[in-house]
Amino acid sequence: MTSQLRPRPEITLMERDAAGVPPEVVVVVVDTVDEEALRTLRHIQRTTTCRTVLITTAIDEQQLVSAAECGVAGVVRRSEATPEHLVHVIGTVARGEGHLPADLLGRLLEEVGRLQAQVLGPRGLHFTGLAPREIDVLRLVADGHDTGEIATRLGYSERTIKNILHSVMTRLQLRNRSHAVAYAMRQGLI
């Protein structure tokens, strides 16, 4: 991979432990997404602000989900890793976007749907981290309603509304109601 990227003027290669300015994108090349590869990806995620591109010979749905949990923003199969394609993917990831081969994207979306339906949904949870009633409460807070008005509208006690807000703020480490509303707005929930 290094020899394919070195002659490309759009890419500046850096040594693995080079001092100075950290790279924007780290490219990790592995044959398979095994536990060692995941440890490497987790280490990059914990110790840098770099975005990560994973180049691998083979990857299945579970490995893809594990890689995503480790902060991987782009995946390329070795068989598709031409210099042009690598430069394109690295540039895409550097701009804050993501890249997956189309078939992997479809499988990832299916896996996300399955997890939502079989694991999170029955527990009243969603990928957003908020349950529907928590979103309803935050939407009413954003509309300027006080605790009593929210309780009346939703058919809960004022105590329940306070507990819902406290739970959201504690779980998501939010400072106050305004911070909770801002979080929900940034996440596109309200």
Side-chain angles (χ1 to χ4, degrees), residues 1-116 119-120 125-130 171-175 179-180 182-190:
M1 298 300 155
T2 303
S3 63
Q4 288 184 0
L5 294 173
R6 191 172 310 283
R8 299 303 296 243
E10 315 93 310
I11 303 291
T12 302
L13 294 178
M14 302 172 74
E15 292 302 318
R16 185 176 189 162
D17 297 319
V21 180
E24 291 180 50
V25 177
V26 173
V27 177
V28 176
V29 182
V30 297
D31 285 325
T32 184
V33 184
D34 57 12
E35 196 51 46
E36 182 181 346
L38 292 173
R39 262 194 309 275
T40 299
L41 294 170
R42 283 186 206 103
H43 177 74
I44 293 166
Q45 182 184 36
R46 281 192 315 267
T47 61
T48 72
T49 58
C50 305
R51 300 192 32 97
T52 305
V53 172
L54 176 65
I55 301 172
T56 183
T57 304
I59 188 167
D60 65 23
E61 291 88 355
Q62 185 54 51
Q63 293 167 333
L64 180 59
V65 170
S66 295
E69 289 171 347
C70 295
V72 169
V75 175
V76 178
R77 288 190 183 94
R78 276 192 181 200
S79 61
E80 300 167 350
T82 64
E84 293 75 25
H85 188 58
L86 288 174
V87 168
H88 169 75
V89 172
I90 291 168
T92 298
V93 169
R95 288 190 302 275
E97 300 171 21
H99 174 83
L100 281 177
D103 66 304
L104 289 180
L105 179 59
R107 286 192 253 163
L108 180 61
L109 291 173
E110 288 173 7
E111 185 69 12
V112 166
R114 187 190 68 72
L115 288 171
Q116 178 62 49
V119 178
L120 298 176
L125 301 172
H126 296 271
F127 278 103
T128 62
L130 297 175
R171 189 172 66 249
L172 300 176
Q173 299 176 349
L174 304 169
R175 291 184 305 276
H179 194 190
Y183 170 85
M185 291 176 74
R186 279 193 305 274
Q187 297 300 316
L189 302 173
I190 59 173

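Quick caveat: nothing in here was measured; it's all calculated off a predicted structure. Worth knowing before you read on, the calculation uses all heavy atoms, side chains too, and leaves out hydrogens, waters and symmetry mates.
- Between Q63 and T32, the closest side-chain pair of non-hydrogen atoms falls below 4.5 Å.
- Contact check on R8 versus E84 returns a salt bridge, with a Lys/Arg side-chain nitrogen under 4.0 Å from an Asp/Glu carboxylate oxygen.
- Residues L100 and L64 form a side-chain contact, since some pair of their non-hydrogen atoms from C-beta on lies under 4.5 Å apart.
- Between I59 atom CD1 and L104 atom CG the span is 6.5 Å, to the nearest 0.5 Å.
- Residues I55 and V89 fail the side-chain proximity criterion, which asks for heavy atoms closer than 4.5 Å.
- The side-chain heavy atoms of R171 and L130, taken from C-beta on, include a pair separated by under 4.5 Å.
- At a threshold of 4.5 Å between non-hydrogen side-chain atoms, the residues P22 and T48 do not count as touching.
- Ionic pairing of R51 and E97 is not present here: no N-O contact between side-chain nitrogen and carboxylate oxygen is shorter than 4.0 angstrom.
- The number of heavy atoms from other shown groups lying within 6.0 Å of NE2 (H43) does not exceed 12.
- Remark: side-chain polar atoms of R95 are paired, donor with acceptor, to backbone N or O of G91 under 3.5 angstrom.
- Environment of CD in E35: crowded, with over 12 heavy atoms of neighbouring residues, nucleotides or ligands closer than 6.0 Å.
- Side-chain atoms of L86 and Q4, non-hydrogen and from C-beta on, do get closer than 4.5 Å to each other.
- Between R78 and D31 there is a salt bridge, since a side-chain N of the basic residue sits under 4.0 Å from a carboxylate O of the acidic one.
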